[in-house]
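Every value quoted in this text rests on a predicted model; they were computed, and no experiment measured them. Below, chain A is the first sequence line, B the second, and so on; all start at residue 1.
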Protein chains: 2
Amino acid sequence: MRKSQSQTASKKQPLTPNKNKIKKPKKDILNEEPKPDLKNKASRWTLPRQIVFNFLKHSSSHLSAKEIYNALHRSYPGIGLATIYRTLELLFQLGLIRKISSGDGQSRYELKDQNLAGHHHHLICLGCGRIIDYQDFAEEELQLVKKTEKVLAKKHNFLIKDHNIEFFGLCEKCRLK
Amino acid sequence: MRKSQSQTASKKQPLTPNKNKIKKPKKDILNEEPKPDLKNKASRWTLPRQIVFNFLKHSSSHLSAKEIYNALHRSYPGIGLATIYRTLELLFQLGLIRKISSGDGQSRYELKDQNLAGHHHHLICLGCGRIIDYQDFAEEELQLVKKTEKVLAKKHNFLIKDHNIEFFGLCEKCRLK
DNA sequence: TTCCTTAATGATAATAATTTTCATTATCTA
DNA sequence: TAGATAATGAAAATTATTATCATTAAGGAA
């Protein structure tokens with residue numbers, strides 16, 4: 001929730017032009033992969049968006065914006081950090097990724113699971129911030145979640161989109177400190 | 001995780017002295033209430049700490065540091081924002097309060113429930129950030145949580161301290177936008 | 001009680017994640 | 001292919017949180 005008052009609306013000096021245009025990769029990534037339904041959150045599915053989305057699909061979980069930026073920067077120096085943030089926000093709005101906060105001051109992102117097989121939640125160490133995925137009791141969880149969702153949706157007139165479960169504690173290393 | 005390099009270690013100018021000393025309230029709050037066990041996270045249970053803790057005990061949930069600061073500032077102008085943050089961190093370390101992130105860029109805090117009766121979780125609106133407490137299916141949740149905790153603790157050698165469940169969606173107002 | 005040691009505090013500066021701004025570029029449609 | 005405009009990159013702005021440091025207060029000793 002960072003707002004601005006635009007107190008410097010008067011200055012209109014030209015900015016440094018974009019030096020690093022994004023080079024199109026050999027493979028036509030943009031048209032090779034299926035494009036997600038943008039609903040009306042955006043009007044164009046662009047190369048940077050596809051690249052970020054693709055990266056999330058093929059990398060391990062819980063990445064911060066900065067980490068994604070750094071990882072992509074080698075192959076795509078033309079993609080700016082702001083675009084990473086904007087793309088993550090879009091993917092989040094579209095319900096394609098999940099935003100998690102491990103306790104350090106930054107948000108982390110991961111692809112949403114498409115099926116029960118991949119469905120997981122997190123075990124978070126309060127000492128070092130390590131995040132461990134777990135998948136235990138998924139069926140029982142699903143039962144309880146469905147039931148709860150139904151009640152909450154009706155009682156509070158909510159349209160429920162997702163849920164999250166997490167456990168906090170100390171990992172082996174941090175217990176001994 | 002904001003670190004500093006202390007690149008200005010050379011300057012040793014005196015700062016403005018504390019103008020607003022904290023006035024002791026009429027009632028001896030500090031000795032009236034039971035003091036929490038500080039474990040070894042701190043060595044003194046002070047008046048500002050008691051005031052913040054007391055405030056959390058008697059106010060509605062999900063408050064940010066700034067909100068707590070503003071609310072207390074009327075009665076206790078001597079308490080600085082930094083102390084609010086430090087106290088919240090201490091209370092969190094002691095396991096007395098819970099830290100939640102509603103999606104806007106700030107952390108929010110609430111007293112931990114002492115008993116099953118007060119045990120609740122959150123329904124969070126992705127549109128406006130509103131947080132609604134719910135208490136449904138607490139017993140079934142407890143069963144599942146206990147079972148999961150046991151498995152996770154053993155499997156990952158974790159000391160589990162707490163858990164969190166949350167549902168995300170759109171509230172009535174935000175659905176219609 | 002008064003003194004002494006040192007943890008805690010308030011004010012402020014510093015840090016860093018995220019947003020905003022704006023000229024430029026890329027995408028899409030006609 | 002041209003025109004309209006959404007998206008982007010770079011940099012500046014914003015803001016939550018943390019660090020710094022002189023001062024104050026808590027708690028024990030005398």
Please report the distance, rounded to the nearest Å, between [atom1] in [X] and [atom2] in [N].
X      : N      : atom1 : atom2 : answer
B:I51  : D:dA26 : CD1   : P     : 11 Å
A:L47  : D:dT8  : CG    : P     : 10 Å
B:I79  : C:dA8  : CD1   : P     : 16 Å
A:H73  : D:dG9  : NE2   : P     : 10 Å
B:E67  : D:dT17 : CD    : P     : 11 Å
A:D104 : D:dT18 : CG    : C1'   : 14 Å
A:I84  : D:dA10 : CD1   : C1'   : 14 Å
A:N70  : C:dA17 : CG    : P     : 11 Å

[X] side chain: which of [options] is closest?
X     : options                : answer
B:R86 : C:dA17, C:dT18, D:dC21 : D:dC21
A:T46 : C:dT27, D:dA16, C:dA17 : C:dT27
A:T83 : D:dA26, D:dA16, D:dG9  : D:dG9
B:A65 : C:dT18, D:dT17, C:dG10 : D:dT17
B:K66 : D:dA26, C:dT18, D:dA16 : D:dA16

Dump every N/O contact between nucleotides 3-7 of chain C and the protein below 3.5 Å, one line per pair.
| residue | atom | partner | partner atom | Å |
| --- | --- | --- | --- | --- |
| C:dA7 | O4' | B:R44 | NH1 | 3.3 |
| C:dA7 | O3' | B:S43 | OG | 2.7 |
| C:dA7 | N3 | B:R44 | NH1 | 3.4 |

Flag, side chain of B:K99 to backbone of A:G103, donor-acceptor distance under 3.5 Å: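 Not at all, since once roles are kept as given, no pair shorter than 3.5 Å links the two residues.
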Residues, nucleotides or ligands: over 12 heavy atoms within 6.0 Å of [X] [atom1]:
X      : atom1 : result
A:Q135 : CD    : yes
A:K57  : NZ    : yes
A:R130 : CZ    : no
A:E33  : CD    : yes

Sugar-phosphate, base or nothing in reach of A:S107, heavy atoms under 4.0 Å: sugar-phosphate
Single-linkage hydrophobic cluster, 4.5 Å side-chain cutoff, B:Y109 and B:V52 together: yes
Heavy-atom side-chain proximity of A:L91 to A:L56 below 4.5 angstrom: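 Yes; the side chains approach each other to less than 4.5 Å.
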Inter-end axis angle, the helix from C:dT1-D:dA30 to C:dA30-D:dT1, with every axis fitted to five base pairs (rounded, 10 degrees):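 Taking five pairs per end, the axes differ by 40°.
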Which residue lies more 5' along DNA chain D, comparing B:S64 with A:W45 via nearest heavy atoms: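 By nearest-heavy-atom nucleotide position, the 5'-most residue is A:W45.
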For A:Y134, all residues meeting side chain to side chain contact (heavy atoms under 4.5 Å, CB included), sequence neighbours excluded: A:H121, A:D136, A:I165, A:F167, B:T148, B:L152
Donor-acceptor pair between B:Q143 and B:E139 side chains, under 3.5 angstrom: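 No pair is found: no donor N or O on one side chain lies under 3.5 Å from an acceptor on the other.
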Residue-phosphate contact under 4.0 Å: B:Y85 side-chain N/O, D:dT18 OP1/OP2: no
Minimal non-hydrogen separation, A:I79 against A:Y69, with atom names: O-CE1, 3.3 Å
